[in-house]
Amino acid sequence: MKNRAPFGVARCFSCVVVLVWLLLTCACLRRPLETPIPRDSWPPPSDEDLARLVVLLPGYIDDETLFRTHGFPVIAAGQSEMTRGWQWVALDAHVGYYQAGQMPGRVQSEVLAEFPDVPVTVVGASFGGFGALFLARHVPERVDEVVLLAPYLGRRALLKRLIDEGPAGYQPKNRREAELVANWRFLLEAARQGRPKVTILVGERDRLLPAIELLRSRAPSIKVETAPGGHKWRVWRAMFADYLSRRAEESGVAP
């Protein structure tokens with residue numbers, strides 16, 4: 001009996017983890033489609049001229065509040081000179097909007113139209129990385145920068161087939177695959193043209209890193225940065241802070 005107890009505890013714990021994941025997934029799928037899409041934005045409105053719009057898209061079971069919870073407004077404030085005139089808008093653009101065919105139209109009409117004639121940076125975390133690419137390829141005239149935090153690019157098996165068969169000739173099996181393949185093609189084209197600028201930030205133990213490494217093997221000009229850690233918000237927060245700091249240094253702007 002002593003030898004079986006640890007196995008039984010481990011099996012029970014695994015069942016609990018799976019159950020929690022299923023409950024969270026079901027809750028995500030049942031989330032309503034609201035009008036307008038819920039948002040969290042900063043800084044408060046001012047008379048200062050707008051220089052850049054930053055759209056932030058959360059992960060599969062996350063919402064717009066997670067960016068504030070994990071200190072992204074504080075990170076932006078820490079680079080106040082560079083981010084002067086930047087408007088940050090985090091959206092609860094969950095998977096339901098994609099399934100209903102409302103993306104990216106809703107973001108265009110509710111957010112981009114509100115801030116016309118300024119360049120756009122799209123930041124996407126995990127599934128939000130899929131959304132960031134989805135948005136960028138539909139409004140290439142507005143988006144000049146994409147920052148992907150451990151993005152979901154598709155299952156590694158799919159990406160290997162894309163490499164073996166070539167993205168131009170691969171025939172997607174369903175709508176989901178079609179969008180993933182379109183994102184992949186968009187990334188390869190961005191690597192060739194240098195627009196939009198694409199940066200991927202990912203933890204060294206992130207479960208999505210193998211797929212990202214496959215992309216890097218085909219598009220070495222896309223900047224991929226790694227740091228210790230897994231698929232966690234604390235990893236993305238630290239890496240994004242470092243990214244903004246380096247961006248400020250490259251542009252010659254002091255914090």
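Panel note: side chain S221, backbone A191; a donor-acceptor pair is recorded below 3.5 Å. No donor-acceptor pair closer than 3.5 Å links the side chain of Q79 to the backbone N or O of A248. A side-chain donor-acceptor contact under 3.5 Å links R237 to the backbone of H70. Not one N or O on the side chain of S245 forms a donor-acceptor pair closer than 3.5 Å with the backbone of D242. In terms of modelled atom types and a separation under 3.5 Å, the side chain of R176 and the main chain of G154 share no donor-acceptor contact. A donor-acceptor pair under 3.5 Å links the side-chain atoms of H94 to the main chain of P32, judged by distance alone. When atom types are taken as modelled, the side chain of Q87 and the backbone of W42 share a donor-acceptor pair closer than 3.5 angstrom.
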Taking it one step at a time, do L57 and L91 satisfy side chain to side chain contact (heavy atoms under 4.5 Å, CB included)?
-> CA-CA 6 Å; L57 303 175; L91 295 173; 4.2 Å; yes
Run the ring-ring contact (aromatic ring centres under 6.0 Å, His included) check on Y97 and F134 step by step: do they pass?
-> CA-CA 12 Å; Y97 293 98; F134 188 86; over 10 Å; no
Run the numbers on Y152 and Y60 for ring-ring contact (aromatic ring centres under 6.0 Å, His included), then give the verdict.
-> CA-CA 10 Å; Y152 175 67; Y60 189 77; 9.0 Å; no
L148/L133 under side chain to side chain contact (heavy atoms under 4.5 Å, CB included): CA gap, chis, key distance, verdict = CA-CA 9 Å; L148 305 173; L133 294 170; 4.1 Å; yes
Could you walk me through whether R161 and D164 pass the side chain to side chain contact (heavy atoms under 4.5 Å, CB included) check?
-> CA-CA 5 Å; R161 290 201 303 272; D164 294 339; 5.5 Å; no
Please test L201 against V147 for side chain to side chain contact (heavy atoms under 4.5 Å, CB included), starting from the C-alpha separation and ending with a verdict.
-> CA-CA 8 Å; L201 310 176; V147 182; 4.1 Å; yes
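Closest heavy-atom contact between A211 and L159: CB-CD1, 3.5 Å. Of all heavy-atom pairs between R218 and L162, the closest is NH1-O, 4.4 Å. Nearest heavy atom pair, residue D40 against residue E64, reads N-CG, 3.8 Å. When all heavy atoms are compared, the tightest approach of V143 to P196 is O-CB, 3.7 Å.
In this structure, L135 and M103 have side chains that are not in contact, with every pair of non-hydrogen atoms separated by 4.5 Å or more. Contact check for L215 versus I200: side-chain heavy atoms found under the 4.5 Å cut-off. Proximity of R52 to P119: side-chain heavy atoms (C-beta onward) are separated by under 4.5 Å at one or more points.
Ring orientation note: the planes of W236 and H231 are nearly perpendicular, at an angle over 60° on the 30°/60° scale.
Between R247 and E250 there is no salt bridge, since no side-chain nitrogen of the basic residue lies less than 4.0 Å from a carboxylate oxygen of the acidic one. One finds a salt bridge joining E213 and R216 here, because a Lys/Arg side-chain nitrogen approaches an Asp/Glu carboxylate oxygen to under 4.0 Å.
With T65 as reference, D63 is the one residue of D63, D62, T69 to meet the side-chain hydrogen bond (donor to acceptor under 3.5 Å, both in side chains) rule.
A ring-centre distance under 6.0 Å is not found for F67 and F240.
Heavy atoms of other residues, nucleotides or ligands lying less than 6.0 angstrom from CZ of R205 number 12 at most. The local environment of CG in N174 is crowded, with over 12 non-hydrogen atoms from other residues, nucleotides or ligands closer than 6.0 Å.
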